[in-house]
Amino acid sequence: MISTTALRYFVEAVRCGSIRAASEILFVAPSAISRQIGLLEETLGAPLLERSRGRSTLRLTAAGELLMRYAKSVDSESRRLRSEIEAIQGLRRGHVNLGIPESLIRDFMPGFMARFTRRFPGFTFNVQVYNSPQLIEMLVDDRLDLCLTFGNVTHQDATIAYQRLLPLYVYVSADHPLHGRETLRLSDCAEHGLALPDATMWTKQQYDEMLAKAKIRPRLVLETNSYELLRNVSAEGMALSILTPPLQDTQHLAGRGRYVLLKDPRAKPQRFSLCVHRGRNLPLPVTTFTNELTAELEQLEPESAAAAVRPGR
DNA sequence: AGCACTTCTAACAGGAGGTC
DNA sequence: GACCTCCTGTTAGAAGTGCT
């Protein structure tokens, strides 16, 4: 019998590329994950991962590929089961108070909500757009049912329903000298103008530390509390900006520029989380919405999605 | 070569469930 | 309720690997 915990750990380790990274997502020690995967291998009688110490990433064996396929089918079946149970319960109406950061206004959320309301036409929404720390405050005050945030969630009354780590990218306009590069390092950006978040944004401190560690004093062209503006001034060629990739690999999100992976040891990936109020008994419609949202987010592969965003129109 | 990062193993702790 | 067993977690230390 395959343990669901072990299967969840295995999937997360594969998704993160390392047991260490998975342990941060799952909030358990790396040894616990290693042992669960070891027990899975013992149960199935075959190695699932090609491990190597150091900084190389985990690789799936043939048996591991089969198990990943099995895990996806289990996930798909459980969603189908949930859907059928919802149909039995007649769950087609409800209201959701949702909080999202500005960067999701055009990336992912509109498409997801449209798909969701096609399935659940009786649902209505109130969507509030704020910075991540403000969203958490609103969540724990019960002004929101759930919220999506970037950055570490440290509030003791907020609990994380889903999260993943997103690598950092540099947004480069079509006519910029760095436009053709496959990857960039922080030192590559040093001689170009940068547009960065201002002090009201939680990412400012992270970026400041990152640039300081790289011994780079950026030529700051613009500071703002708007990620949309950061992206748009970069698209116009005014400056480079450091951003997370779009969650959805739609061409139109690339605009006039492209996202180039920031491949630098000092560039730590950003945490992207779906949060709910700890201990709060959520209404069934909100739980349904949360489950659907989580399921869709889990289907997304942000790194490949970002790589797929090619130089645009 | 030294450091940082990672995985693995052993020892131990605590919770849940079963039995008396 | 007390005791036992099993499961799953943590911590500490060893050892391998990659980067500078």
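We name chains A, B, ... by the order of the sequence lines, and we start the count at 1 in each one. Side-chain atoms are counted along with the backbone in the values below, which use heavy atoms only and exclude waters and symmetry mates.
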What is the distance from CD of A/Glu41 to P of B/dT9, rounded to the nearest Å?
10 Å
All N/O donor-acceptor pairs, side-chain side in residues 133-140 of chain A, below 3.5 Å, sequence neighbours left out:
residue, atom, partner, partner atom, Å
A/Gln134, OE1, A/Asn131, N, 3.4

Check side-chain contact (heavy atoms from CB on, under 4.5 Å) between A/Ser23 and all other residues, then give those that pass, not counting sequence neighbours.
A/Pro30, A/Ile33
Comparing A/Lys268 and A/Ser34 on DNA chain B - which has the more 5′ nearest nucleotide
A/Lys268
Can you tell me the distance, in whole Å, between the CG atom of A/Asp264 and the P atom of C/dC19?
13 Å
Residues in side-chain contact (heavy atoms from CB on, under 4.5 Å) with A/Ile105, at least two apart?
A/Glu102, A/Val129
Using nucleotides 7-13 of chain C, report all nitrogen or oxygen pairs with the protein that are shorter than 3.5 Å.
residue, atom, partner, partner atom, Å
C/dG9, OP1, A/Tyr9, OH, 2.4
C/dG9, OP2, A/Gln36, NE2, 3.4
C/dG9, N7, A/Arg35, NH2, 2.2
C/dG9, O6, A/Arg35, NH1, 3.0
C/dG9, O6, A/Arg35, NH2, 2.9
C/dT10, OP2, A/Ala29, N, 2.5
C/dT11, O4, A/Ser31, OG, 2.9

Between atom CD in A/Glu12 and atom C1' in B/dT7, what is the gap in whole Å?
18 Å
Indicate whether the side chain of A/Gln206 and that of A/Asp208 have a donor and an acceptor atom separated by less than 3.5 Å.
no
Sequence neighbours excluded, which residues qualify as side-chain contact (heavy atoms from CB on, under 4.5 Å) partners of A/Glu223?
A/Asp198, A/Lys204, A/Leu220
A/Arg266 CZ - B/dA4 C1' separation (whole Å):
13 Å
Apply side-chain contact (heavy atoms from CB on, under 4.5 Å) to A/Asp142 and list each qualifying residue two or more places apart in sequence or on a separate chain.
A/His277, A/Arg280
